[in-house]
Amino acid sequence: MQSTFKSIKEVKQRANPLSGLACNLCDNTNCLIKKNLSTLESSNFTNKKNNIKCKKGQQFIIEGAPVNGLFFILKGTVKVFRTGINGREQIVRFAKEGEIIGHRGFGTEEYYSIGAIALQDTVLCYFSKNDLQEALLENPKFTYDMMLFYADELNRSENKVKSISQMTVRERVIDTLLYIHRKFGHLKGFLNLPLSRREYADYAGTTEEQVIRAFSALKKEKLIIAKGKKIGISNIPLLKKEISEHNYFLDS
């Protein structure tokens, strides 16, 4: 059963806080904190973080909960979603090591507009809103990089809206498969992020039944292979060609 946390205090109590995971020892070179470590260390900012361990299936951000800070993924994979019409879940993105979770509400809203669930055992670095705001005011380079991050996120978000509105169901399913492949790669012939058919549907903006039909057609055409939840892409160039007019590569 999925576990949820209603506040950062509960996260710390129930999600096994860790210690000793210093930022200078982190391997996530694409992490915004890691990139700005030389300037942030002088302000003692990195020593104020909390490391939190979440088990597979645990929800660490509740949609509508007060925004207290940001989460950076140290290890693991996370599903970010929001609730749509009639309570239907819409997956916004999948996140991995070095990525930020909860940034949509930071600095602009009092409540999280998204929820987040660990898809596998995950370790998070948590920085409070107050500490982050102080660091941004004191470090122009960090602030500039954060601004570029938000600009990039806005571009991806707009591209996702465009793809959902202009693509057919088949094209959206293909786009989802290529997105997962670009971001997580292959492992032993299958995408390195096993998802349920419902999760594919929630990301592609369609129904589980339509995903199943699209997968069946793609298998008959020998474009993908399937084994339980595992999906492998047999012919990436042909899938790219099929949705090339939509500029699939914009959403990495």
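- F81 and Y203 have their aromatic ring centers separated by at least 6.0 angstrom.
- A salt bridge does not link E242 with R172: every distance from a Lys NZ or Arg NE/NH1/NH2 to an Asp or Glu carboxylate oxygen is 4.0 Å or more.
- No donor-acceptor contact under 3.5 angstrom links the side chains of D152 and N155, judged on distance only.
- With Q59 contributing its side chain and I61 its backbone, the two residues share a donor-acceptor pair below 3.5 Å.
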Derivation and outcome, side chain to side chain contact (heavy atoms under 4.5 Å, CB included), residues E134 and K48 | CA-CA 12 Å; E134 186 177 318; K48 299 176 182 178; 3.9 Å; yes
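- Residue F149 is grouped with residue L40 when hydrophobic side chains (ILVMFWY) are merged at heavy-atom distances under 4.5 angstrom, including chains of intermediate members.
- Within 6.0 Å of NZ in K34 there are more than 12 heavy atoms belonging to other residues, nucleotides or ligands.
- Classification of K183 and E99 as a salt-bridged pair holds, one side-chain N sitting under 4.0 Å from a carboxylate O.
- Contact record, C54 with F60: SG-CB, 4.0 Å, taken as the closest heavy-atom pair.
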Yes or no on side chain to side chain donor-acceptor pair (under 3.5 Å) for N36 and D145, after CA distance, side-chain angles and deciding distance?
-> CA-CA 9 Å; N36 289 273; D145 285 350; 3.1 Å; yes
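- Using a 4.0 Å cut-off between a side-chain N of Lys or Arg and a carboxylate O of Asp or Glu, D202 and R88 qualify as a salt bridge.
- I100 and L37 fall into different hydrophobic clusters, where Ile, Leu, Val, Met, Phe, Trp and Tyr side chains are chained together by heavy-atom contacts under 4.5 Å.
- Hydrophobic clustering (side-chain heavy atoms under 4.5 Å, transitive across Ile, Leu, Val, Met, Phe, Trp, Tyr) keeps L239 apart from F190.
- For Y126 and F72, the ring centers are positioned 6.0 Å apart or more.
- E89 has no carboxylate O lying under 4.0 Å from a charged side-chain N of R82, or vice versa, which leaves the two without a salt bridge.
- A continuous path of ILVMFWY side-chain contacts below 4.5 Å connects I236 to I231, so both sit in one hydrophobic cluster.
- Environment of NZ in K96: crowded, with over 12 heavy atoms of neighbouring residues, nucleotides or ligands closer than 6.0 Å.
- Under the 4.5 Å side-chain contact rule for hydrophobic residues, L32 and M147 do not share a cluster.
- Remark: K56 NZ is loosely packed, at most 12 non-hydrogen atoms of other residues, nucleotides or ligands lying under 6.0 Å away.
- In summary, the aromatic rings of F71 and F127 are positioned with their centroids too far apart to meet the 6.0 Å limit.
- Considering only residues two or more places apart in sequence or on other chains, Y144 meets the ring pair (Phe, Tyr, Trp, His ring centres under 6.0 Å) condition with none of them.
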Please assess I73 against N28 for the test side chain to side chain contact (heavy atoms under 4.5 Å, CB included), listing each intermediate value before the final yes or no.
-> CA-CA 9 Å; I73 304 177; N28 295 327; over 6 Å; no
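- No more than 12 heavy atoms of other residues, nucleotides or ligands lie within 6.0 Å of CG in D27, so this atom counts as exposed by the packing criterion.
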